[in-house]
Amino acid sequence: MYEHLTKAAKDALSKQFGVVPDVVWEYTQGPDRGDVSTCIALQIAKNVKSSPRAVAEVVEEALKGLKGVERTEIAGSGYVNVWLTPDELLKGLIQTRTACTAKVKRKKEAPIIIDYCGPNIAKPLGIHHILSHVVGQAMINLYRHGGYNVIGWSYPGDWGTQFGKLFVAYEKWGSKKPVIKYSVDELLSLYVRFHQEAEENPSLEDDARKVFAKMEAGDKTLRTFWREVVEISRKDLEKLYARLQIHVDIETGESFYEEKMNPILEEGQKKGVVTRGEGGALIVEFSAEKNLPPMMLKKSDGSTLYATRDLAMVRYRLDEYDPKALYYVVDVAQSLHFQQLEAACELFGWKMPAFEHVYFGRMRFADASMSTRKGTVIRLEDALDEGVRRAAEIIRERGEGIQTDAPEVLAEMMGIGALVYGILSQNRKMDIIFDWNKMLSFEGNSAPYLQYTHARSRSVLRKANQKNIVNFPTVDRLSASERKLIGTLLQFALILDEACVTHMPHKLAHYLYALCQDYNAFYNAEPILQAAEPSRTLRLSLTACAADVLKTGAELLTLRVPDRM
Ligand code: ARG
């Protein structure tokens, strides 16, 4: 980027100091500090035995009068800030336009496997389950858009004592229709009933464990029961996933690894990595500097564990896909598990790709309405419905202030978008705060604000009868708000890249928020449709560019944006 500026600076530095450093340009916070800036003087001053200021002067001198440079200044202790000419700035927007379409897929490349979703079957999804789903899907979308070969892989918990509980409840309190005729809600009430009754009568838990042991041993009736429950849940999940724009590429449940665990345990024992622990359990012990407790792979009663399956799954993925990375988008509560998993793979001597537990924090509720129901999980589906209901209310209240031919469709987009964006706009490493008012606000960093700004830009284009034609004319000068908007638009490609490789979707969300603010400030400051040429063409082109960036960015975050609102 800005290679001729780099070359001029390098030539001058080489002539003056005999060094040829890498001169990098960064976009500034805003046009009052130039459009781009370099801190090269600060970086090399010591090396060339000079002051930052003196080095900066050499750089500045070299840039003066260069084509594309409007003005320069030395700021702070040695930053060189550069204002570019309108032509030069607008030229850079080609890159922004390109970033709005997905890069050509590097098909031959080893895939990046992103492990996400992992719903537990036969229990309803709770509100907090949305975190892995949307953070994972945003990461997948970003990688895919960037041209990477990526596989979104869900690992549902489709095996475990919950099936025993359900069966006991079905036998005791179910109507006698075949289980496949049950709805998820009916299954859920059986499940809830089980837990209520088990409080009075703890022996039910034992019954459930016994039933599950029989299921594991291969009992035919129980296996059929299990398969049907999984089937019902899957159909229900599909509906939820369609609403959330979740698209899983591969799904292998816990049951899939049943046969794959023993070979791993044998391999580990042969290698001396897996040893006998207390009561005959099988464990992996780590070296002292790892500072990790032993990982259990088989209990003394012979049953396998979550860790055993995860280990078998790593092996399966290595064998079948030879991935270049394994990323797990899972709750921070499982940190220890993933540290142990990675350390165990090392001990097994497997050739490992990049490995990261892409964790996220706990969900906390700002709304009293959500925290008063303490103890019971808030179902994800109920939360989505609540979001949509609130959005519909806002649409009704705003009346003429919102244009739409299909208020229900808009409410769905807004309500679900609000929830999803409310999550993705927060740093995933911190606790995630759940706050309806903030999520649905029209003024702040929220989905409705983004959706509204997008619709506003499309409406301008509609009135001009212009789709997204971009045709930048030559202009002598730019207004402050045009310049600010262009400066932000120029950064889109970089932000996409950064949000992708750091696995931090909130960086993209923050960018989109800043872009909305810049576009709205521009919209309020400048006439667009009524402006004289060449300003009118310039402003319409900037509007089209902003509209496309907002749409592309929002969709990468799994949001949908309306053309009218
Ligand atoms: N089903 C698991 C849970 O709810 C999440 C699965 C995460 N993925 C994995 N490979 N362990 O805790």
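Starting from 1, each residue takes its place in the sequence as its number. Whatever order the structure lists ligands and atoms in, that order sets their numbers, starting from 1. Computed from a predicted model, the values in this text were never measured in an experiment.
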*Close approach, Gln334 and ligand 1, non-hydrogen under 4.0 angstrom*: yes
*Would you please say whether a donor-acceptor pair under 3.5 Å links the side chains of Asp310 and Tyr257?*
no
*ligand 1 N/O within reach of Pro119 N/O, cut-off under 3.5 Å*: no
*Please answer whether the main-chain N or O of Tyr148 pairs with a side-chain N or O of Glu109 as donor and acceptor at a distance below 3.5 Å.*
no
*Is ligand 1 less than 4.0 angstrom away from at least one heavy atom of Tyr116?*
no
*Using a strict cut-off of 4.0 Å, indicate which atoms of ligand 1 neighbour a heavy atom of Met313.*
10 (N)
_Side chain Glu254, main chain Tyr306, donor-acceptor under 3.5 Å_ = no
*Are Ser303 and Asp301 linked by a side-chain donor-acceptor pair shorter than 3.5 Å?*
yes
*By number and element, which atoms of ligand 1 are closer than 4.0 Å to a non-hydrogen atom of Val330?*
7 (C), 8 (N)
*When you look for heavy atoms under 4.0 Å from ligand 1, do you find them on the side chain of Asn120, its backbone, both, or neither?*
side chain
_Nearest non-hydrogen protein atom, atom 5 (C) of ligand 1_ = Tyr306 OH, 3.6 Å
*How many angstroms lie between atom NE2 of His128 and atom CD1 of Ile432, to the nearest 0.5 angstrom?*
13.5 Å
_Sidechain-backbone polar pair: Asp115 side chain, Tyr328 backbone, donor-acceptor under 3.5 Å_ = no
*Just jot down the ligand 1 atoms closer than 4.0 angstrom to any heavy atom of Phe338, in number order.*
11 (N)
*Any sub-3.5 Å donor-acceptor pair from Ser446's side-chain atoms to Phe442's backbone N or O?*
no
*Considering only the protein, which heavy-atom contact is closest to atom 8 (N) of ligand 1, and what is its distance?*
Asp115 OD1, 3.1 Å
_Phe163 and Phe212 aromatic centres sub-6.0 Å_ = no
_Heteroatom distance test (His129, ligand 1): nitrogen or oxygen, under 3.5 angstrom_ = no
*Got an N/O contact under 3.5 Å between Tyr328 and ligand 1?*
no
